[in-house]
Asker: 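Please read through the structure below; I'll follow up with questions.
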Amino acid sequence: MNFIPYGKQFIQDDDIASVVDTLKSNYLTTGPKVKEFEEALAKFSEVKYCVAVSNGTAALHLASLVLLKKGDKVLTTPNSFLATSNSILYVDAKPIFVDITEDGNIDLDLCESELKKDSTIKAIYAVAFSGNMVNQDKLKYLKETYNITILEDNAHAIGAIYNGIKSGSCVNSDASIFSFHPVKHLTTGEGGAITTNSKDTYEKLLTLRGHGMVKTPDMKPWEYEMRDLGFNYRITDIQCALGLSQLNKLPDFVKRRFEIAKRYDNAFFNTIVKPLYTFDGKSSYHLYVVQVDFSKLNISKVDLFNRLREKNIGIQLHYIPINKQPYYKSLGYGDEITPIMDRYYEECFSLPMYPLLSDEEQEYVIDTLFKTLK
Ligand SMILES: Cc1ncc(COP(=O)(O)O)c(C=O)c1O
């Protein structure tokens with residue numbers, strides 16, 4: 001059996017042809033494909049505006065620059081990739097880590113307790129962990145009741161729909177971000193995007209993506225003005241050509257992920273391997289996470305990882321609690337009371353999940369996992 005990673009891109013000849021066409025065109029960057037990709041993403045996500053950028057972290061950074069001010073307190077989850085809360089730190093705001101619920105997402109009830117205790121809290125950064133959007137009714141209630149800013153980190157969740165609300169549609173949030181890293185649902189190599197329904201936010205994002213430069217029709221032909229300290233977070237036309245081609249196939253990619261999720265669910269039903277949640281059509285399954293109570297077994301999690309790697313299966317762990325990272329500890333974090341996250345971290349790991357995973361490979365993963373745990 002060849003090595004089976006936990007996630008992998010799916011590139012076909014039409015994707016390659018799309019990139020080659022752009023390579024032969026006049027624009028490798030700041031050309032028409034960027035706008036085309038942004039418009040296609042906005043249409044797909046049912047949102048007004050979209051700004052494509054060089055990666056998901058850049059998307060979070062720009063969104064944070066627009067949504068937050070220095071010193072703002074932001075409720076966020078320890079169960080994410082570092083970039084979510086790092087983006088709060090980038091703008092000198094203050095992340096506050098809140099425990100998760102059993103499905104791996106931030107506990108919005110605990111967020112409400114925090115909001116009741118401290119009326120100066122400015123925002124919630126909620127991650128649709130593993131592809132599973134946070135409860136949209138609760139998000140709407142919190143936004144309306146406490147008048148807070150909400151960012152949805154949908155890096156895992158393009159293609160997800162929660163009771164008719166599409167990920168990235170920003171129905172209950174001020175902005176949302178996607179990542180197009182190769183392990184995600186669709187890839188541009190590296191890439192990301194911010195979506196929003198606010199014209200003002202959209203215009204600020206566009207300016208900040210390109211060095212804070214503004215050019216208006218009344219200016220001299222060579223003139224531009226730098227009005228903010230922006231960045232070069234541009235994405236190339238080459239990347240967007242790949243993204244456009246991949247976006248066409250996203251519904252099929254998600255469908256295949258559903259099939260894989262259902263097969264895992266069936267295999268693990270009533271066993272020692274507990275899926276984080278079972279299939280209900282809401283998650284778009286960037287990850288398939290399971291939990292195992294290692295305290296009841298004769299194998300440690302380290303041994304499981306090592307033995308599966310020997311068998312060419314690359315399971316992964318999503319995530320180490322961000323607040324326990326040395327850098328965060330140096331800022332005074334790490335002692336938050338997060339019992340669900342603590343247990344989750346002890347028990348969780350992610351199994352291979354990507355459209356190209358064959359039925360045969362999946363059966364091999366399931367079989368080898370059970371044999372190794374016994
Ligand atoms: C939840 C989450 N947010 C943000 C990011 C950052 O995205 P990128 O790797 O494209 O910078 C990631 C990447 O893995 C992620 O998983």
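Indexing begins at 1, ligand by ligand and atom by atom, following the structure's order. A quick note: this is a predicted structure, and the numbers were derived from the prediction, not measured.
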Asker: Which pairs would a plain distance check flag for residues 52-61, meaning a side-chain donor or acceptor within less than 3.5 Å of a matching protein atom at least two apart in sequence or in another chain?
Answerer:
residue	atom	partner	partner atom	Å
Asn55	OD1	Thr57	N	3.0
Asn55	OD1	Ala58	N	2.7
His61	ND1	Tyr233	OH	2.8

Asker: Is Glu361 salt-bridged to Lys8, going by a charged N under 4.0 Å from an acidic O?
Answerer: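 No, Glu361 and Lys8 are not salt-bridged.
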Asker: Apply side-chain contact (heavy atoms from CB on, under 4.5 Å) to Lys140 and list each qualifying residue two or more places apart in sequence or on a separate chain.
Answerer: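 side-chain contact (heavy atoms from CB on, under 4.5 Å) check on Lys140 returns Glu144, Asn172.
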Asker: Among residues at least two apart in sequence or on other chains, which ones pass side-chain contact (heavy atoms from CB on, under 4.5 Å) with Glu39?
Answerer: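 side-chain contact (heavy atoms from CB on, under 4.5 Å) check on Glu39 returns Lys35.
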Asker: Could Lys24 and Asp237 be called an ion pair, given the rule that one side-chain N must be under 4.0 Å from one carboxylate O?
Answerer: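 A salt bridge is absent here (no side-chain N lies under 4.0 Å from a carboxylate O).
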Asker: Heavy-atom cut-off of under 4.0 Å around ligand 1: list whichever protein residues fall inside it, by chain and number.
Answerer: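 Residues within 4.0 Å of ligand 1: Asn55, Gly56, Thr57, Leu60, Ser80, Phe81, Ala83, Thr84, Val127, Asp153, Ala155, His156, Ser179, Lys184, Gly191, Tyr319.
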Asker: Between Lys117 and Glu114 (salt bridge meaning N to carboxylate O under 4.0 Å), is one present in this structure?
Answerer: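 Salt bridge: yes.
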